[in-house]
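Any value given below was found using the heavy atoms of this structure, including those in side chains, with hydrogens, waters and symmetry copies removed. Remember, predicted model here, so these are calculated numbers, not experimental data.
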Amino acid sequence: MEKNAAGVRVRFAPSPTGDLHVGNIRTALFDWAYAKHTGGTFVFRIEDTDRERVTDHYIEAAGETLKWLGLDWDEGPGVGGPYGPYLQSQRLDIYQEWADRFLAQGDAYHCYCSNEELEARREKAKESNRPPGYDGACRNLTEDQIASFRAQHRTPVIRMRMPDGKTTFTDLIRGEVTFEHEFVPDFVLMRADGSPLYTLAVAVDDVLMRITHILRGEDLLSSTPRQIRVYQAMGVKESDYPVFAHLPFVMGSDNAKLSKRNGEVSIAWYRERGFLPEAICNYLALLGWSPGDDREDVSLQEIADLFDVSRVNSSPARFDMKKLEAINGEKIRRLALDDFLARSLPFVIEAGVITGSPSEVEVVRKALPLIQERIVTLGEVVAMVRFLFGEGIEVEADSLSKVSEPQAKEVLRSAMSALTPVVKWDEQSIEGALRESLIDGMGLKPRLAFTPVRIAVTGSHISPPLFESLALLGKERTLARISALL
RNA sequence: GGCCCCGUCGUCUAGCGGCCUAGGACUCUGGCUUCUCAAGCCAGCUACGAGGGUUCGAAUCCCUUCGGGGCUGCCA
């Protein structure tokens, strides 16, 4: 399988009709990992043959997403390479040439059927329980018929002729797969306006770009015979065909193919919420693949080192947000402080909690160790540090009752008088003063003693550790917030 | 409908004929710890879709069946 390892060339070729989603990225990750693992080349190509649906914005965004995840490509947009251009929209003349050649060879033919006619015939075929594919009406037109169509100003598409027989290929993940050609109708290579279809462009480019391994979604499995048909027409020897590996789907929790309807699919969504790229890659690597032992915590580099297509599962996987969160939280806990700070700051600034001044950054820096094991995404940093900035705070609704009842007031008064004389405002002194006054003095359980203080100062009954929080907040604001509730 | 792919705990998976009274992780439940929330630690629940074969022996091989999914486009 790893024949001519050094020559392995794998491509990731999305059609950017929207933001890259979880399924796309899992494919990209496997493509990348396979290339890296074999010491081969990772090619990034844009399949924008459908210009009505693809936009420049999404093309740009796709590249950015790959870079953010750390999936760098060796050839493709931005970096170039010997087989470019890597945008199919810039290779139109190439497809035209091949289509013309197929025409000349008799492998393809002009088809004058209109959409409406095709539609009608498809319906009829369905009704009479025949396969709905192209019926071959234009396969063998006479000169007279052609002249007649021309006279009607019909402009033909170019359609590939599927010969009788069958196509068999070996899929790295599924084994030998065979399609009888009676179920693979003649297919369109080029629209009347001269623009190519995926079926033509993908095959031509894979051959021209010397792609050796095609790892892609399972949905393309049944289009493989068409692709192989194009290789044949191009004169590629069977031994030179790329090797196929059709990856299992990543499905939504509702057991349907992952889509906008059943989940958060766009990678941009995860990025905005503060999921770490290495966590996303780690989680996605485990969807359809496993290293074989009980290892689940892998870095991008380790994925590349360990990845093996033969270990890819053939059955679909459901996306599990809970597990992604668990992995993300674990990675966050292991972040070094400087790294954690650098990654958190954009979220805190974006939320308007701080402007980013050095003194503010310093406070966040000191707060991060307190919250590191309490968050699952970077986005949660915002809510955790918010109380450290600004003067007053708003007590959240479901905590309000816990500071307004009589006993709570008493606790707050006691805390107030215990803290007021504290000179050395640090964690130890604060804890000492509060324990002495509330636990020893009032005889309260710690939980009952500290909760009102916590709420008064942070606004919530859930917060970072209390004494450290008060130390960070400063004496002045701590006392002010307590007294505001008296 | 036809063609193709797939089927181990709720989820992701290990397993590639005996090491499996099926292992790990996430989730969930209970407990410990504790200033809240987390984190951490301990314990527990739950799976080979079904039916036939093959074999001394099957989660592992074969067949059937049921279930799920994809494709069936001048989308990719």
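Using a 4.0 Å cut-off, some side-chain N or O of A:Arg311 falls inside it from OP1 or OP2 of B:G15. Proximity of A:Thr49 to the phosphate of B:A76: a side-chain N or O atom is located under 4.0 Å from OP1 or OP2. The phosphate of B:G40 (OP1 or OP2) has a side-chain N or O of A:Arg333 nearer than 4.0 angstrom. Taking only side-chain nitrogens and oxygens, A:Arg447 comes nearer than 4.0 Å to OP1 or OP2 of B:U36. A close approach under 4.0 Å does occur between a side-chain nitrogen or oxygen of A:Asn313 and OP1 or OP2 of B:A14. Side-chain nitrogen and oxygen atoms of A:Arg53 include none within less than 4.0 Å of the OP1 or OP2 phosphate oxygen of B:C75. When the side-chain nitrogen and oxygen atoms of A:Ser290 are compared with OP1 and OP2 of B:A14, one or more of them lie within a distance under 4.0 Å.
Counting any heavy atom pair closer than 4.0 Å across all strands shown, A:Pro248 reaches no nucleic acid atom. Nucleic acid contact class of A:Val188 (heavy atoms, under 4.0 Å, all strands): sugar-phosphate only. Residue A:Glu47 is classed as a sugar-phosphate contact, given heavy-atom separations below 4.0 Å to backbone atoms only. Residue contacts for A:Gly288: at a heavy-atom cut-off of 4.0 Å it reaches the sugar-phosphate backbone alone, with no base atom in range. Residue contacts for A:Asp50: at a heavy-atom cut-off of 4.0 Å it reaches the sugar-phosphate backbone alone, with no base atom in range. Across all strands shown, A:Arg122 has heavy atoms under 4.0 Å from sugar-phosphate atoms exclusively, and none from any base. Looking at heavy-atom distances under 4.0 Å, A:Arg226 makes contact with a base. Base engagement by A:Arg191 is indicated by at least one non-hydrogen atom pair under 4.0 Å involving a base atom. Using a 4.0 Å heavy-atom cutoff across all strands shown, A:Pro465 reaches at least one base atom of the nucleic acid. Residue contacts for A:Cys111: at a heavy-atom cut-off of 4.0 Å it reaches no nucleic acid atom on any strand shown. Across all strands shown, A:Gly329 has no heavy atoms under 4.0 Å from either base or sugar-phosphate atoms. Note on A:Leu286: only backbone sugar-phosphate atoms sit closer than 4.0 angstrom, heavy atoms only; bases stay farther off. Residue-level contact check: A:Glu468 touches the bases, meaning some heavy atom is under 4.0 Å from a base atom. Among the heavy atoms of the strands lying under 4.0 Å from A:Ser315 are primed sugar atoms or P, OP1, OP2 only; no base atom is included.
Only the P atoms considered, B:A50 is 11 Å distant from B:A59, to the nearest whole Å. The same atom, C1', is picked in B:C61 and in B:G18; the two are 15 Å apart, to the nearest Å. Between B:U8 and B:G30, the two C1' atoms lie 27 Å apart (nearest whole Å). Nucleotides B:C19 and B:U60 have their C1' atoms positioned 14 Å apart, rounded to a whole Å.
A:Tyr109 and A:Asp186 share a donor-acceptor pair across their side chains, judged by distance under 3.5 Å alone. For the residue pair A:Asp50 and A:Tyr198, no side-chain donor N or O sits within less than 3.5 Å of a side-chain acceptor on the partner. Checking A:Arg454 against A:Ser463 by side-chain atom types alone, a donor-acceptor pair falls below 3.5 Å. Between the side chains of A:Asp426 and A:Ser429, at least one donor N or O lies within less than 3.5 Å of an accepting N or O. Side chain to side chain, A:Glu396 and A:Ser460 meet the donor-acceptor criterion of an N or O pair below 3.5 Å.
The base-pairing partner of B:G1, taking Watson-Crick or G-U wobble contacts with both distances under 3.5 Å, is B:U72. Nucleotide B:A43 forms a Watson-Crick or G-U wobble pair with B:U29, both donor-acceptor distances falling under 3.5 Å. When both pairing distances are held under 3.5 Å, B:U36 makes no Watson-Crick or G-U pair with any nucleotide shown. Figure legend. B:U21 is base-paired to no nucleotide; pairs are counted as Watson-Crick or G-U wobble with both atom distances under 3.5 Å. Shown here, B:C66 forms a base pair with B:G7; the pair counts as Watson-Crick or G-U wobble because both key distances fall under 3.5 Å. The partner of B:U55 is absent, by the rule that a Watson-Crick or G-U pair needs both atom distances under 3.5 Å.
Remark: the A:Glu373 side chain and the B:G40 base include no donor-acceptor N/O pair separated by less than 3.5 Å. Under 3.5 Å, the side chain of A:Arg454 and the base of B:C35 form at least one donor-acceptor pair of N or O atoms. Side-chain N/O atoms of A:Arg318 and base N/O atoms of B:U13 include no donor-acceptor pair closer than 3.5 Å.
Put simply, the side chain of A:Arg174 gets close to the backbone of A:Ser314: a donor and an acceptor are under 3.5 Å apart.
Ring orientation note: the planes of A:Tyr112 and A:Phe149 are close to parallel, at an angle under 30° on the 30°/60° scale.
Note that CD of A:Gln227 and OH of A:Tyr241 are 11.5 Å apart. Values are rounded to the nearest 0.5 Å.
Closest to the side chain of A:Ser223, from the set B:G24, B:U27, B:A76, is B:A76. Listed nucleotides B:C12, B:A76, B:C37 differ in distance to A:Arg374; the shortest reach to its side chain belongs to B:C37. In this structure, the nucleotide among B:G23, B:A38, B:G7 sitting nearest to the side chain of A:Asp294 is B:G23.
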Nucleotide N/O of nucleotides 1-4 of chain B paired with protein N/O under 3.5 Å:
unit_1 : atom_1 : unit_2   : atom_2 : d
B:G1   : O2'    : A:Asn129 : OD1    : 3.2

Short N/O separations, protein against nucleotides 58-64 of chain B, under 3.5 angstrom:
none

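The six-membered or imidazole ring of A:Tyr283 lies away from that of A:Phe275, with a centre-to-centre distance of 6.0 Å or more. A:Phe307 and A:Phe30 have their aromatic ring centers within a separation under 6.0 angstrom.
A:Asp206 has its CG atom 13 Å from the C1' atom of B:A76, to the nearest Å.
Annotation: cation-pi geometry satisfied between A:Arg159 and A:Tyr134 (NZ/CZ under 6.0 angstrom from ring centroid, within 45° of ring axis).
The number of heavy atoms from other shown groups lying within 6.0 Å of CD (A:Glu60) does not exceed 12.
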